[in-house]
Amino acid sequence: LSIVDDGSGRSLAARFHLEVNGAEHVPDAIGPRGLRLAVRHHKKGQRSTALYTRGEGSVIVPLPDRAREGTITVSRGYEYLATRAPFVVDGPETRLTLRLRRWLDLPARGWYGADAHLHFDRLDPATDSDWLTATEADGLSHGHFLTLKGGNLPGLWARQYAHGPAGQAGTAVTGWIRPGTEYRDRLQGHISLLGPTERIDPVSTGGLGDPPVAENFPPLHDVMVRSRSLGGLTGIAHGNALGRQPTGLLDAVLGAVDFVEIANTHRLELEAWYLLLNCGIVLPPAGGTDLPNNPFRDSWQPLLGETRMYVKSAEPPDFAMWKQAVLSGAVVVSSGPWLELDVAGVGPGGTVTLPPGGGDVRVTALLESPRPPQAVEVVHDGRVVKGRTEQRRVGGVHRWRVSRRIRVAHSGWIAARATGARKAALAEHTGIRQRAAAHTAVVRVLVGDEPIRSPAAVRQLRTEIRRLREIYRRK
């Protein structure tokens, strides 16, 4: 099997999926120029296997006895058009060459994709080349591998051989992977610590994991502050939806939060993020798969980075540059569609300033996707702005555009969001019904010296913080 770039003819690292005689075929092994990545979530009993070419030439792929015919689907993240082709087995060896056409070159536009939520062991630097191959083949520039305790396995798992720069592999130009931690508490919730120079123990509290730490201590706020002091980027995981009494909103008010993770493969959580935005706490969104949770993919979907975050950078970013790009707010989260936003000439993370009394701004959102979209929307202070969507399809790619003038009387924010194809394999194996989705970070629109401050949102946040205060006093 050879997979090449249609434009240059060079060999590509890519993911492939086989059906032989009408049934899925996953060989027990493939040749050294390929990679077989088996994913297992022990507690949930979930298993899946991804097959890759390394981009080093032809790879040998064994077929089952009595193989007569088959179909192969090849993909490389979201920027290449997935290719599906039939083949006939008419001898001891069948040669296939498939060409992948790139329809979107995001690095050329300054956008670089990362899966910010992976849980896999990296116990030996010798295996890093395999992980870098898999991330490249799934169209990613970066991957964050987060240690945690409990859940899939009782004790510490997704362990890393080192943290900080010593545990990082790859380069800014070729792409890199870096260790971090998902720190969890049964009451307070989950947080993501991306890239600190040390692992912060005990990793889980409130009785989670083995050996358990019964106390709901330390506060996650203190853990986040500690991670920042170690050079990490800290955020609310899973949209503040996990934990019996999650403290992410309070931690954000106290200034300990750098981002809000709004999307994983199996969830899209916008409520907490929107509430913070409407209170003037403007944080960038983040996203990642949460593998090995729910590893089931349609043949066109990447395994790693099925849900990902793109950051904008003038050049391929190292970790320090990537961190600054996230903090700047130049972020788009996506599980397929590409989404652009322009507010009066300003993109995600930027600010538009209007005189006292406000004014009109021109807002344009553009969705691009080879898969059929469902909707593209402009969101102003959490509400969808109604209007007409211009729909076109060019060269097999859907291009949906929304452009309208919005009257802005008070300081607030504007973003774009989109939904796309159903995640069929996820629904089939888990019953979870999700669509591919995308969401930009926001553009602030400031009117005079007025802060972003919705009275209703402030009342809601104040009520929630008072409720949490009473609960934790009793606990």
Side-chain angles (χ1 to χ4, degrees), residues 1-20 24-27 30 33-39 48-56 58-59 61 70-87 96-107 113-115 118 130-141 143 175 265 288-289 291 294-308 310 334-338 368-373 395-398 420-426 428 434-438:
L1 170 65
S2 297
I3 301 173
V4 300
D5 181 270
D6 187 54
S8 66
R10 70 181 179 89
S11 184
L12 286 178
R15 179 170 174 248
F16 64 95
H17 176 269
L18 284 170
E19 294 178 10
V20 177
E24 181 181 15
H25 173 60
V26 180
I30 59 178
R33 291 178 178 172
L35 177 64
R36 184 181 183 276
L37 177 56
V39 178
S48 184
T49 302
L51 303 173
Y52 298 99
T53 59
R54 293 183 181 271
E56 299 171 350
S58 298
V59 57
V61 183
T71 303
I72 183 169
T73 303
V74 177
S75 61
R76 181 180 161 98
Y78 293 128
E79 298 173 45
Y80 282 78
L81 294 174
T83 298
R84 182 177 173 88
F87 61 89
L96 292 176
T97 298
L98 284 92
R99 307 183 76 86
L100 283 179
R101 181 169 71 86
R102 188 167 202 155
W103 69 274
L104 179 65
D105 191 345
L106 288 177
D115 190 330
L118 295 166
D130 290 341
W131 288 116
L132 290 167
T133 293
T135 53
E136 179 190 357
D138 277 330
L140 291 169
S141 298
T265 292
T289 52
L291 282 167
N294 304 304
F296 309 108
R297 303 288 187 264
D298 296 349
S299 59
W300 59 272
Q301 292 178 295
L303 174 66
L304 309 180
E306 181 277 332
T307 297
R308 60 187 62 191
Y310 295 94
S334 178
S335 55
W338 175 242
E368 298 178 279
S369 173
R371 314 294 300 182
V397 176
H398 299 270
R422 295 184 184 277
K423 301 180 182 183
L426 178 69
E428 177 186 350
Q434 287 284 331
R435 287 183 177 271

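Taken from OH in Tyr80 to CG in Asp5, the straight-line distance is 4.0 Å, to the nearest 0.5 Å. For the atom pair CD1 (Ile30) and CZ (Arg36), the distance works out to 8.5 Å, reported to the nearest 0.5 Å. Taking NE2 of His17 as the start and CD of Glu24 as the end, the distance is 3.5 Å to the nearest 0.5 Å. Taken to the nearest 0.5 Å, the CG atom of Leu140 stands 11.0 Å off from the CG atom of Leu132. To the nearest 0.5 Å, atom CG of residue Leu1 and atom CG of residue Leu96 are 6.0 Å apart. Leu35 contributes atom CG, which lies 6.0 Å from atom CG of Leu37 (distance to the nearest 0.5 angstrom).
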- Message: Run Glu368 and Trp103 through side chain to side chain contact (heavy atoms under 4.5 Å, CB included) and show every step you take.
- Response: CA-CA 10 Å; Glu368 298 178 279; Trp103 69 274; 3.7 Å; yes
- Phe87 and Leu98: side chain to side chain contact (heavy atoms under 4.5 Å, CB included), yes or no, with the steps? CA-CA 11 Å; Phe87 61 89; Leu98 284 92; over 6 Å; no
- Task: Take Val61 and Phe16, measure what side chain to side chain contact (heavy atoms under 4.5 Å, CB included) needs, and give me the verdict at the end.
- Result: CA-CA 11 Å; Val61 183; Phe16 64 95; 3.8 Å; yes
- Item | Stepwise side chain to side chain contact (heavy atoms under 4.5 Å, CB included) check, Tyr52 with Leu304 | CA-CA 12 Å; Tyr52 298 99; Leu304 309 180; 4.3 Å; yes
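With respect to Thr289, the side chain to side chain donor-acceptor pair (under 3.5 Å) criterion is satisfied by exactly one of Asp115, Thr307, Asn294: Asp115.
Judged purely by atom type and a 3.5 angstrom limit, Arg54 has no side-chain atom pairing as donor or acceptor with the backbone of Arg33. For the pair Arg297 (side chain) and Leu303 (backbone), a donor-acceptor distance under 3.5 Å is present. Under a 3.5 Å cut-off, the side chain of Gln434 and the backbone N or O of Lys423 do not form any donor-acceptor pair. Judged by distance alone, with hydrogens and angles left aside, the side-chain atoms of Ser334 form a donor-acceptor pair with the main-chain N or O of Gly336 at under 3.5 Å.
Every residue meeting the side chain to side chain donor-acceptor pair (under 3.5 Å) condition with Arg84, not counting sequence neighbours, appears here in chain and number order: Thr73. Residues passing the side chain to side chain contact (heavy atoms under 4.5 Å, CB included) test with Pro372 are His398, sequence neighbours excluded. The side chain to side chain contact (heavy atoms under 4.5 Å, CB included) check on Pro302 picks up Tyr78, Asp138, Arg308, with sequence neighbours excluded. With sequence neighbours left out, the side chain to side chain donor-acceptor pair (under 3.5 Å) criterion links Ser58 to Ser2. In this structure Ala14 satisfies the side chain to side chain contact (heavy atoms under 4.5 Å, CB included) test together with Ile3, Thr53, Val74, Arg76, Leu100, sequence neighbours excluded. Every residue two or more places apart in sequence or in another chain that forms a side chain to side chain contact (heavy atoms under 4.5 Å, CB included) with Arg371 is listed here: Trp300, Ser369, Ala421.
Around the CZ atom of Arg102, the shell of radius 6.0 Å holds more than 12 heavy atoms that belong to other residues, nucleotides or ligands.
Contact between Leu51 and Val26 at its shortest, heavy atoms only, is CD2-CG1, 4.4 Å. Val20 approaches His25 most closely through the heavy-atom pair CG2-CB, 3.7 Å. Of all the heavy atoms in Arg435 and Ser335, the pair that sits closest is O-OG, 4.2 Å. Across all non-hydrogen atoms, the minimal contact from Ser48 to Pro295 is OG-O, 3.6 Å. In terms of heavy atoms, Asp298 sits closest to Ala425 at OD1-N, 2.6 Å. The two atoms that bring Ala437 and Pro337 nearest to each other are O-CD, 3.9 Å, heavy atoms only.
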